[in-house]
Asks: 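Structure below; questions to follow.
For the single chain, residues carry numbers from 1 onward in sequence order.
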Amino acid sequence: MVGELAASVARLVEVVNGLTSAQVNFRTGPDRWSIAEVLEHLVVWESFMLGAVQGALEGLAEPEKQASAAAKEPLVLGLATSRDKPLKAREAARPTGRWTDVGVMLAEFRVRRGRTIEFAESTHADLRSHFFAHVTFGDLDCYQWLVVMGQHTLRHVGQIEEIRRDGAFPESEKARARGPFLFRLISAG
């Protein structure tokens, strides 16, 4: 789980590295999030979820829910690759323009994910006996939530990749600069 939490950050950084302002603010449709909005959501959601896990651990253990939660493992583990079914973000984690700079958002996400990883590595709590409800899946145990945090990041990496594949996605400055040169080479041949 900790490895996945760290790896998902690396993958996120890789997929947004070097994007221009036009690219991170591009929307594939009026009701769709831009890459900047996806990043903002990830930053906000990270702290929200870690707080929810920590809060759930302060409550009473509910071991009677373990069997039901265990049956949801395939949903939890498949979250990152299931882009066909949209999930609605909680109001508290929706983008509102809190940050505009991608570098700042990535730095903030790294700090927040660092706290999550530190918690996951150091906790001795019974993560499998404390629960918090997912808006779609219902009760998940706190261990599953930590797995979901990495899966959630990867799910949004997939969303960013979809945005980047859109035919109207703005070209990078390098691609625009190369364009006329390549045209001249092709025309001269």
Asks: Give me the atom names and distance for the closest heavy-atom approach of Ser8 to Thr153.
Replies: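 Closest approach of Ser8 to Thr153: O-CG2, 3.6 Å.
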Asks: Quick test of your reading: applying salt bridge (Lys or Arg N to Asp or Glu O under 4.0 Å), list the pairs with at least one residue in residues 97-106, sequence neighbours left out, ordered by first then second residue.
Replies: Glu40-Arg98
Asks: Checking side chain to side chain contact (heavy atoms under 4.5 Å, CB included) for the pair Thr96/Val44: CA distance, chi angles, key distance, verdict?
Replies: CA-CA 10 Å; Thr96 62; Val44 174; over 6 Å; no
Asks: Mind checking what makes ring-ring contact (aromatic ring centres under 6.0 Å, His included) contact with Phe131, not counting sequence neighbours?
Replies: none
Asks: Between Gln23 and Glu171, do the side chains contain a donor N or O and an acceptor N or O under 3.5 Å apart?
Replies: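 On atom types as modelled, these side chains do not qualify, holding no pair under 3.5 Å.
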Asks: Can you list everything that forms a ring-ring contact (aromatic ring centres under 6.0 Å, His included) with Trp145? Sequence neighbours excluded, please.
Replies: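 Only Phe132, His134 meet the ring-ring contact (aromatic ring centres under 6.0 Å, His included) criterion with Trp145.
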Asks: Using the test side chain to side chain contact (heavy atoms under 4.5 Å, CB included), find all partners of Ala70 that sit at least two apart in sequence or belong to another chain.
Replies: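 Applying side chain to side chain contact (heavy atoms under 4.5 Å, CB included) to Ala70 gives none.
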Asks: If I take atom CD from residue Glu161 and atom CD from residue Gln159, how far apart are they, to the nearest 0.5 angstrom?
Replies: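 Output value for this atom pair is 11.0 Å.
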Asks: Kindly work out whether a path of hydrophobic side-chain contacts (I/L/V/M/F/W/Y, heavy atoms less than 4.5 Å apart) joins Val111 to Leu146.
Replies: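 No, because Val111 and Leu146 fall into different hydrophobic clusters, even though each may have its own neighbours under 4.5 Å.
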Asks: Any side-chain to backbone donor/acceptor pair from Ser122 onto Glu118? Under 3.5 Å, distance only.
Replies: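 Such a contact is found between Ser122 side chain and Glu118 backbone.
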Asks: According to side chain to side chain contact (heavy atoms under 4.5 Å, CB included), who are the partners of Ala61, at least two apart in sequence or on a separate chain?
Replies: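 In terms of side chain to side chain contact (heavy atoms under 4.5 Å, CB included), with neighbours along the sequence ignored, Ala61 is linked to Pro63, Ser129, His130.
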Asks: Grab the two heavy atoms, one from Gly150 and one from Leu5, that are nearest each other, plus how far apart they are.
Replies: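 Nearest heavy atoms, Gly150 then Leu5: N-CD2, 3.5 Å.
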Asks: Could you work out, with ring-ring contact (aromatic ring centres under 6.0 Å, His included) as the rule, every residue matching Phe48, not counting sequence neighbours?
Replies: none
Asks: Under the rule for salt bridge (Lys or Arg N to Asp or Glu O under 4.0 Å), what residues qualify as partners of Glu91, not counting sequence neighbours?
Replies: Arg94
Asks: Check whether any side-chain N or O of Arg112 sits under 3.5 Å from a backbone N or O of Leu42 as a donor-acceptor pair, and report yes or no.
Replies: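 Side chain of Arg112 to backbone of Leu42: no pair is present.
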Asks: Per the ring pair (Phe, Tyr, Trp, His ring centres under 6.0 Å) rule, what does the pair list look like for residues 10-32, sequence neighbours excluded?
Replies: Phe26-Phe169
Asks: If hydrophobic clusters are built by linking Ile, Leu, Val, Met, Phe, Trp and Tyr wherever their side-chain heavy atoms come under 4.5 Å apart, do Val157 and Met1 end up in the same one?
Replies: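 Different hydrophobic clusters.
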Asks: What I'd like to find out is whether the side chain of Phe119 reaches to under 4.5 Å of the side chain of Leu57, using heavy atoms alone.
Replies: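 With C-beta onward as the side chain, the pair touches.
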Asks: For Pro95, does its backbone N or O pair with a side-chain atom of His41 as donor and acceptor, under 3.5 Å?
Replies: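 Side chain of His41 to backbone of Pro95, a donor-acceptor pair under 3.5 Å: no, none is there.
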Asks: Taking side chain as C-beta onward, heavy atoms only, is Leu106 less than 4.5 Å from Leu12?
Replies: yes
Asks: List in chain and number order the residues that pass side chain to side chain donor-acceptor pair (under 3.5 Å) with Glu46, two or more places apart in sequence or in another chain; answer none if no residue qualifies.
Replies: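 Glu46 satisfies side chain to side chain donor-acceptor pair (under 3.5 Å) with Arg113, Thr116 once adjacent residues are dropped.
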Asks: Among residues two or more places apart or on two chains, list those pairs meeting salt bridge (Lys or Arg N to Asp or Glu O under 4.0 Å) that have a residue in residues 14-23.
Replies: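 Every salt bridge (Lys or Arg N to Asp or Glu O under 4.0 Å) pair that includes a residue of residues 14-23, provided the two are not neighbours, is Arg11-Glu14.
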Asks: Between Asn25 and Ser21, is there a donor-acceptor pair closer than 3.5 Å when you use the side chain of the first and the backbone of the second?
Replies: yes
Asks: Could you tell me whether the side chain of Arg32 reaches within less than 4.5 Å of the side chain of Ile163, counting heavy atoms only?
Replies: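 The answer is no; the side chains never approach within 4.5 Å.
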Asks: Just grab all the salt bridge (Lys or Arg N to Asp or Glu O under 4.0 Å) pairs involving residues 131-141, residues at least two apart or on different chains.
Replies: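 Applying salt bridge (Lys or Arg N to Asp or Glu O under 4.0 Å) to every pair that reaches into residues 131-141, excluding sequence neighbours, yields Lys65-Asp139, Arg128-Asp141.
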Asks: For the backbone of Val43 and the side chain of Glu108, can you confirm whether one donor and one acceptor N or O come within less than 3.5 Å of each other?
Replies: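 The answer is no, because no donor-acceptor pair under 3.5 Å joins these two groups.
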Asks: According to the interplanar angle, ranging from 0 to 90°, do the rings of His152 and Trp45 count as parallel (below 30°), tilted (30 to 60°) or perpendicular (above 60°)?
Replies: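 Aromatic pair His152/Trp45 classed parallel.
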Asks: For Glu73, I'd like to know if atom CD has over 12 heavy atoms of other residues, nucleotides or ligands within 6.0 Å.
Replies: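 Count over threshold, so yes.
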Asks: Of all the heavy-atom pairs spanning Leu39 and Met105, show the shortest one and how long it is.
Replies: CB-SD, 3.9 Å
Asks: Would you please name every residue forming a side chain to side chain donor-acceptor pair (under 3.5 Å) with Arg27, sequence neighbours left out?
Replies: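 Counting only residues at least two positions away or on another chain, Arg27 forms a side chain to side chain donor-acceptor pair (under 3.5 Å) with Glu37.
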